[in-house]
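Lettering follows sequence order; numbering is per chain, from 1. Because the structure is a prediction, the values reported are computed rather than measured.
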Amino acid sequence: MPCPFETPILPPLRRRRKRRPTPRARTTVTNAYDPQSIEARWQARWDTDRTFAALNPGEPGFDAARPKYYVLDMFPYPSGSGLHVGHAVGYIGTDIVARKKRMEGCNVLHPMGWDAFGLPAEQYAIQTGVHPAQSTATNTANFRRQLKKIGLSYDWAREINTSDPSYYRWTQWIFKRLHEKGLAYQAEVPVWWCEELKTVLANEEVINGRSERGNFPCVRRPLKQWMLKITAYAERLLDDLDLLDWPESIKIQQREWIGKSEGAEVEFAVEGGADKLVVFTTRPDTLWGATFMVVAPEHKLLQRVPASHREAVRAYVQSAAAKSELERTELAKDKTGVFSGLFAHNPAFESGDPRGRIPIWVADYVLISYGTGAIMAVPGHDERDFAFARKFGIEVREVVRPPQGEKGLAEGVCFTGDGTAVNSGPVDGLPTPQAKSRAIELLAQRGVGKARTTYKLRDWLFSRQRYWGEPFPLVHLTDGTTVAVDDDALPIELPQMEDFKPSSDGSAPLARATAWLQTTHKGAPARRDTDTMPGWAGSCWYWLRFMDPHNARAPWSKDAEQYWGPVDLYVGGAAHAVMHLLYARFWHKVLFDLGLVHTKEPFQKLFNQGLITAFAYQDSTGRLVASDEVETRGNEFVRKASGEPLEQIVTKMAKSLKNVVNPDDVIAEHGADTLRLYESFMGPLADSKPWNPRDIAGCARFIDRAWRLLVDPESSDPVRPQFRVDQGDRPLEGDTLELEKQLHRAIARIDDSFKVFNFNTSIAALMTFVNEAMKKHAAMTRSQAERFVQVLSPFAPHMAEELWSRLGYSDSIAYVPWPKVQQQFLEDDTVEIVVQVGGKVRGRVGVPKAAAQPDVEAAARGAVASWLEGKETVKVVLVPGRLINFIVK
RNA sequence: GCGGAAGUGGCGAAAUUGGCAGACGCGCGAGACUUAGGAUCUCGUGCCGCAAGGCGUACGGGUUCAAGUCCCGUCUUCCGCACCA
């Protein structure tokens with residue numbers, strides 16, 4: 001099949017001049033490093049030998065004595081544009097880890113699959129006119145091809161696809177479990193509707209009133225939708241973060257997203273009727289300072305507005321509704337609102353006390369979706385209430401006296417911190433924390449309030465009126481009830497539809513699949529649900545399916561889950577800090593409660609790889625110019641066609657920025673091992689770093705040098721003669737000993753780099769070793785060559801396999817035990833001591849490692865004699881084995 | 001505004017517990033080998049200075065014999081969140 005991405009999108013390498021036939025060099029040398037043939041051969045070999053197949057407990061050959069290691073990538077959405085080098089950096093990182101773990105004797109689970117359902121796939125399908133099932137098949141084939149070409153050691157027998165009925169059968173099955181537990185319900189809720197996408201979106205998919213995907217305008221609309229009760233798990237989602245080895249920044253983002261806040265719920269009686277206005281506050285201690293109340297424009301109390309104020313309130317509510325989310329935020333500092341004509345009674349005061357009669361206002365700084373949609377406003381101790389009261393001339397009453405030295409109302413500023421209660425009757429004199437709990441007690445005694453905890457986290461809007469997603473495993477009966485279909489009726493397959501575009505009225509495409517729609521349930525006529533699940537659904541449990549991907553009787557077997565779970569290392573972009581990771585944790589906890597998994601959390605260690613950025617070019621008007629239209633002239637960049645000067649900027653890789661680098665092109669030019677080395681060498685995996693094609697050459701040179709270290713390109717021998725026989729008894733001395741030390745140092749550095757995934761230092765260590773070994777070539781032994789190839793293999797596996805086989809081994813290097821560092825080779829008999837005078841380096845001196853202090857000092861004095869001449873030494877600081885510092889006067 | 005991450009040569013970067021700043025690589029300069037080089041090899045390469053030497057890890061202070069690393073303050077960039085009562 002022709003690859004749809006033929007156009008090279010590499011930034012301009014220096015163009016080759018016309019290629020001349022190369023007479024001698026290329027034709028007679030048969031033994032030069034040839035990545036294309038080596039890589040093709042070993043990739044084919046890995047496939048046919050199933051080298052990286054992971055065995056499950058119970059399978060023949062499974063070795064229960066080995067520790068398990070589950071290393072998982074965030075599986076990709078297989079987009080039409082294929083993989084770019086930015087995606088690859090994370091996959092290369094996990095591959096390096098997986099390969100080393102195998103050599104360390106672990107049973108390694110390292111799978112890959114496709115997150116193929118969801119809006120982007122469908123949008124792409126609509127744009128190109130190709131059915132999503134078709135484009136998904138094409139795109140996954142392309143992704144798989146690209147991943148294999150990088151030499152990633154996945155167990156391809158475990159490949160999964162969330163849009164495959166054999167997979168989503170179990171997504172539906174899990175949804176049924178949620179439904180049974182009452183965690184899935186239907187509700188008429190105001191939801192974000194995107195006209196352009198013709199679907200509802202979850203809160204978190206809408207940014208400033210525009211869709212995250214496509215940046216289309218969205219509006220609020222009430223619609224009956226499936227919801228998942230993630231809020232029931234809010235507390236555990238928060239608490240269990242403490243169990244995880246995750247980046248602190250991600251934990252913080254999750255905590256903020258859950259947004260726990262503790263306080264009280266307080267009832268205010270509304271004057272002239274039985275209505276109660278319930279508010280949530282984190283500061284019950286300030287109840288005595290509440291001088292007005294505010295309800296959100298959508299609050300139902302507004303139906304009770306007296307005629308005198310009805311028109312003003314109606315007008316305000318309408319204008320608030322017309323404001324986009326963006327306008328609301330932009331105008332955040334300038335508060336708006338109107339008086340509703342209603343009054344409430346503050347329960348802090350006796351009825352009849354004029355201080356307790358407070359006006360109720362409508363303002364859009366109060367959100368209907370948080371708390372109760374209404375607040376008690378304490379302008380003395382809340383910035384927003386303060387601004388509002390100032391603007392509308394409402395009384396500000398001090399009820400918290402700031403601690404000594406802090407400014408408060410006396411200085412004309414709103415004080416929001418902790419202090420001492422004043423003007424607050426029964427809580428007067430209490431420090432804020434005690435005043436809070438005392439206030440709650442008082443409210444509770446009188447039955448007008450109680451302690452309450454709220455969360456920013458909302459229930460998860462789980463339906464989409466789209467085609468390309470999992471159908472719901474439920475039917476609607478004629479009597480209006482909704483029931484789940486039987487487990488053995490699963491999967492409810494998506495019907496084949498030619499036209500799956502959303503309808504203009506917002507009804508789901510599946511509503512037009514008339515034959516599919518009508519069904520029966522236990523003999524009675526029934527109608528299927530026409531919504532589909534959101535794109536996140538399939539990724540909420542996929543790590544579990546990887547453990548047992550072909551199980552036809554259950555989503556996974558208990559044995560498999562017991563053995564492989566949890567994921568030991570999960571690597572992906574920080575972009576998924578909140579949504580995917582929170583949803584996945586939620587499902588996992590539900591499954592835990594059902595006894596279907598044995599761990600509370602799915603991902604023990606999480607690691608975020610950094611972004612690969614790339615150069616992009618702008619002309620003087622700021623317009624982007626594709627990288628391949630750009631020419632480098634010295635330090636300047638110009639448009640090739642016109643010579644017009646351009647500015648080089650560094651940005652993320654994106655099709656729209658015309659700076660995407662396809663790994664296929666890098667592999668075609670340099671080979672996959674060089675690509676892997678470069679991506680590892682650029683910098684620590686966690687860092688964001690720019691792709692610079694110029695730098696690839698260094699890795700290409702290194703790998704070629706490494707090849708020549710073991711193979712003589714001028715001869716036809718598989719390896720240099722000195723490596724053909726084991727010189728086991730040869731004494732380690734001279735250059736051979738020196739190389740042995742270098743090798744151990746390199747391995748120590750490599751081992752170290754797996755702690756924080758800064759493989760750049762591993763590559764540097766390998767380079768240093770090769771440079772040294774090239775100089776002491778004749779002294780290198782077969783054993784050293786073998787160990788070098790072993791530690792090279794996670795990084796450049798194709799070449800390592802090739803060299804390993806040339807060294808005479810017929811089995812793959814993948815499971816050869818990782819060499820051990822021996823401490824004795826990391827130490828030298830003599831050490832170089834830096835000699836400082838007055839803190840400045842003035843010389844250095846070699847001394848025996850075990851040298852006594854007076855001897856070191858004497859030697860050091862000799863080395864810096866001219867600097868000490870005529871000076872008095874006041875102090876000598878000696879750092880053994882490192883440094884000596886003479887402080888002089 | 002709040003929260004997080006970061007700031008080191010021309011470029012990507014390195015630097016256990018505070019102990020030689022710039023490993024490794026790119027680029028650049030010089031040379032060797034070559035009919036040829038985008039191959040390979042050797043040497044050099046933080047800045048200023050002829051040199052001796054001085055100055056250098058965003059900026060300003062501090063602690064210390066010694067600071068990229070610790071403390072206080074400031075600035076800049078990127079990423080989240082953003083009226084959450």
Side-chain angles (χ1 to χ4, degrees), chain A residues 13-17 19-20 22-23 25-26 32 208 247-253 255-257 259-261 263 279-283 286 294 328-329 331-333 335 363-367 369-378 382-385 387-388 454-456 574-575 577-578 608 610-611 613 635 652 677-678 681-684 686-699 701-702 704-705 708 713 749 752 758 760-768 771 774 832-841 843-844 874-879 881-888:
Chain A
L13 296 166
R14 243 189 290 151
R15 279 291 140 200
R16 317 175 169 212
R17 274 174 235 138
R19 182 184 260 286
R20 282 176 218 159
T22 42
R26 292 282 150 80
N208 288 334
E248 203 51 40
S249 63
I250 300 282
K251 290 189 185 184
I252 288 167
Q253 283 186 63
R255 283 190 196 109
E256 282 182 358
W257 191 263
K260 180 177 182 172
S261 99
V279 301
F280 171 72
T281 176
T282 54
R283 292 296 300 268
T286 62
V294 184
R328 276 207 189 188
T329 0
L331 298 171
K333 276 169 195 133
K335 298 271 181 291
D364 65 2
Y365 82 89
V366 171
L367 310 175
S369 48
Y370 183 73
T372 62
I375 62 162
M376 63 176 212
V378 183
D382 181 286
E383 295 283 0
R384 296 150 301 177
D385 299 345
F388 192 85
T454 61
Y455 300 89
K456 285 191 222 171
V578 175
N608 297 123
L611 215 61
T613 53
N635 285 332
K652 67 179 178 185
L677 287 168
Y678 175 60
F681 188 57
M682 291 172 78
D687 288 9
S688 153
K689 54 231 161 200
W691 184 268
N692 191 346
R694 211 173 58 178
D695 290 346
I696 301 172
C699 292
R701 275 175 213 151
F702 160 69
D704 195 59
R705 262 201 321 277
R708 282 182 283 120
R749 290 184 66 188
D752 234 33
N758 54 348
N760 51 326
T761 63
S762 282
I763 312 298
L766 288 164
M767 287 173 167
T768 306
N771 291 346
M774 283 300 231
E832 194 184 55
I833 301 280
V834 171
V835 187
Q836 295 183 337
V837 178
K840 291 193 188 295
V841 181
R844 46 206 67 187
V874 254
K875 192 177 172 185
V876 179
V877 180
L878 178 75
V879 182
R882 285 190 181 233
L883 171 143
I884 186 162
N885 190 3
F886 296 102
I887 318 303
V888 293

- prompt: Checking all strands, does A:Glu248 fall into the base, sugar-phosphate, or nothing category for heavy-atom contacts under 4.0 angstrom?
  reply: nothing
task: Provide, to the nearest angstrom, the distance between the CH2 atom belonging to A:Trp257 and the P atom belonging to B:rG3.
output: 19 Å
task: Look at A:Arg882 and B:rU16 and indicate whether a side-chain polar atom (N or O) is within less than 4.0 Å of OP1 or OP2.
output: no
field: Smallest separation among heavy atoms of A:Val294 and A:Ala377, with atom names
entry: CG2-CB, 4.4 Å
- request: Look up atom CG in A:Leu677 and atom CZ in A:Arg701, then write down how far apart they are to the nearest 0.5 Å.
  value: 14.0 Å
- prompt: Hey, does A:Ile250 have a side-chain heavy atom less than 4.5 Å from the side chain of A:Asn608?
  reply: yes
message: Students often get this wrong, so: under 4.0 angstrom with heavy atoms, is A:Asn771 touching a base, only sugar-phosphate, or nothing?
response: sugar-phosphate
- line: Checking B:rC41, B:rC24, B:rG19 against the side chain of A:Arg708 (C-beta onward), the nearest is B:rC41
message: Just the rounded figure in Å: distance from P of B:rA13 to CZ of A:Phe681.
response: 11 Å
task: With the side chain of A:Val366 defined as its heavy atoms from C-beta on, choose the nearest nucleotide among B:rG12, B:rA23, B:rA85.
output: B:rA85
- prompt: Can you check side chain to side chain contact (heavy atoms under 4.5 Å, CB included) on A:Ile252 and A:Arg255, steps first, answer last?
  reply: CA-CA 5 Å; A:Ile252 288 167; A:Arg255 283 190 196 109; 4.2 Å; yes
query: Contact class for A:Asn885 (heavy atom, under 4.0 Å): base, sugar-phosphate, or nothing?
result: base
statement: Classified by glycosidic angle (syn within 90° of 0, else anti), B:rG80 comes out anti
- request: Please measure how far the C1' atom in B:rA23 lies from the corresponding atom in B:rG68, and state the result in whole Å.
  value: 15 Å
- request: Would you indicate, yes or no, if B:rC2 has its OP1 or OP2 atom less than 4.0 angstrom from a side-chain nitrogen or oxygen of A:Arg255?
  value: no
task: Under 4.0 Å between any heavy atoms, over every strand shown, what does A:Glu383 touch: base, sugar-phosphate, or nothing? Just pick one.
output: nothing
- prompt: Can you tell me how far P of B:rU40 sits from CE of A:Met774, to the nearest Å?
  reply: 10 Å
query: Nearest to the side chain of A:Gln253, which nucleotide is it out of B:rC81, B:rA85, B:rG80?
result: B:rG80
- request: Among B:rA85, B:rA15, B:rA13, find the nucleotide with the atom closest to the side chain of A:Pro690.
  value: B:rA13
- line: note: A:Asn692, atom CG; B:rC24, atom C1'; distance rounded to Å ~ 16 Å
task: Go through B:rG27, B:rC20, B:rG3 for me and flag the one nearest to the A:Glu832 side chain.
output: B:rC20
query: Is A:Met376 close to A:Thr286 at the side-chain level, that is, under 4.5 Å between some pair of heavy atoms?
result: yes
message: Between B:rG9 and B:rG46, how many Å separate the two P atoms, rounded to a whole number?
response: 13 Å
message: What contact category does A:Leu883 fall into here, base, sugar-phosphate, or nothing, at under 4.0 angstrom with non-hydrogen atoms?
response: base
message: Dot-bracket, 5' to 3', for RNA chain B please: Watson-Crick or G-U pairs under 3.5 Å, [ ] where pairs cross earlier ones, | where the partner sits on another strand, dots elsewhere.
response: (((((((..(((......[....)))((((((.......))))))(((....)))..(((((..]....))))))))))))....
- request: Return yes if some donor-acceptor pair links the side-chain N/O of A:Tyr678 with the main-chain N/O of A:Asn692 below 3.5 Å, else return no.
  value: yes
message: What's the closest nucleotide to the side chain of A:Ile252 if the choices are B:rG4, B:rA14, B:rC24?
response: B:rG4
- prompt: Roughly how far apart, to the nearest Å, are B:rC26 and B:rC72 at atom C1'?
  reply: 39 Å
message: Using a heavy-atom cut-off of 4.0 Å across all strands, would you classify A:Pro247 as base, sugar-phosphate, or nothing?
response: nothing
- request: Measure from the side-chain heavy atoms of A:Gln836 and tell me the nearest of B:rG19, B:rG4, B:rG12.
  value: B:rG19
- prompt: Between A:Arg694 (CZ) and B:rA13 (P), how many Å, whole number?
  reply: 13 Å
message: Side chain of A:Asp382 only, heavy atoms from C-beta on: which candidate in B:rC65, B:rA39, B:rA85 is closest?
response: B:rA85
- prompt: Does A:Ile375 reach the side chain of A:Tyr365, with side-chain heavy atoms less than 4.5 Å apart?
  reply: yes
query: What interatomic distance, in whole Å, is found between P of B:rU8 and the corresponding atom of B:rG53?
result: 30 Å
message: In whole Å, measure the gap between the P atoms of B:rA21 and B:rA58 for me.
response: 16 Å
message: Please tell me if A:Thr761 has a side-chain N or O lying less than 4.0 Å from either OP1 or OP2 of B:rC24.
response: no
- prompt: Touch check for A:Thr372, heavy atoms < 4.0 angstrom, all strands: base, sugar-phosphate only, or nothing?
  reply: nothing
B:rU40 versus B:rG25 - spacing of their P atoms, nearest Å: 13 Å
- prompt: In whole angstrom, what separates A:Trp691's CH2 from B:rA13's C1'?
  reply: 16 Å
field: Shortest non-hydrogen contact between A:Thr613 and A:Pro690, atoms and distance
entry: OG1-CA, 3.1 Å
Distance between P atoms of B:rG18 and B:rC70 (Å, rounded): 9 Å
First of A:Gly839 and A:Phe280 reached from the 5' end of RNA chain B, by closest nucleotide: A:Gly839
statement: With the side chain defined as heavy atoms from C-beta on, A:Glu256 is closest, among B:rG3, B:rA85, B:rC65, to B:rG3
message: I need the minimum non-hydrogen distance between A:Gly371 and A:Phe280, along with the two atoms involved.
response: CA-CB, 4.5 Å
- request: Take the protein atom CZ of A:Phe702 and the nucleotide atom P of B:rG12, then report the distance between them rounded to whole Å.
  value: 22 Å
- prompt: Rounded to the Å, how far apart are A:Met682 CE and B:rA14 C1'?
  reply: 16 Å
- prompt: Within the structure shown, what part of the strands sits under 4.0 Å from A:Lys840 by heavy-atom distance: base, sugar-phosphate, or nothing?
  reply: sugar-phosphate
query: Start at the 5' end of RNA chain B and walk down; is the nucleotide closest to A:Arg283 or to A:Met767 reached first?
result: A:Met767
message: Counting the atoms with a prime plus P, OP1 and OP2 as sugar-phosphate, which does A:Arg844 contact under 4.0 Å by heavy atoms, base, sugar-phosphate, or nothing?
response: base
task: Give A:Lys456 one of three labels, base, sugar-phosphate or nothing, depending on what nucleic acid heavy atoms sit under 4.0 Å from its own.
output: base
message: If you compare all heavy atoms of A:Arg749 against all heavy atoms of A:Ala764, which two are closest, and at what distance to 0.1 Å?
response: NH2-CB, 4.3 Å
- prompt: Hey, is the main chain of A:Val378 close enough, under 3.5 Å, to the side chain of A:Asp385 for a donor-acceptor pair?
  reply: yes
field: P atoms of B:rA13 and B:rA32, separation to the nearest Å
entry: 36 Å
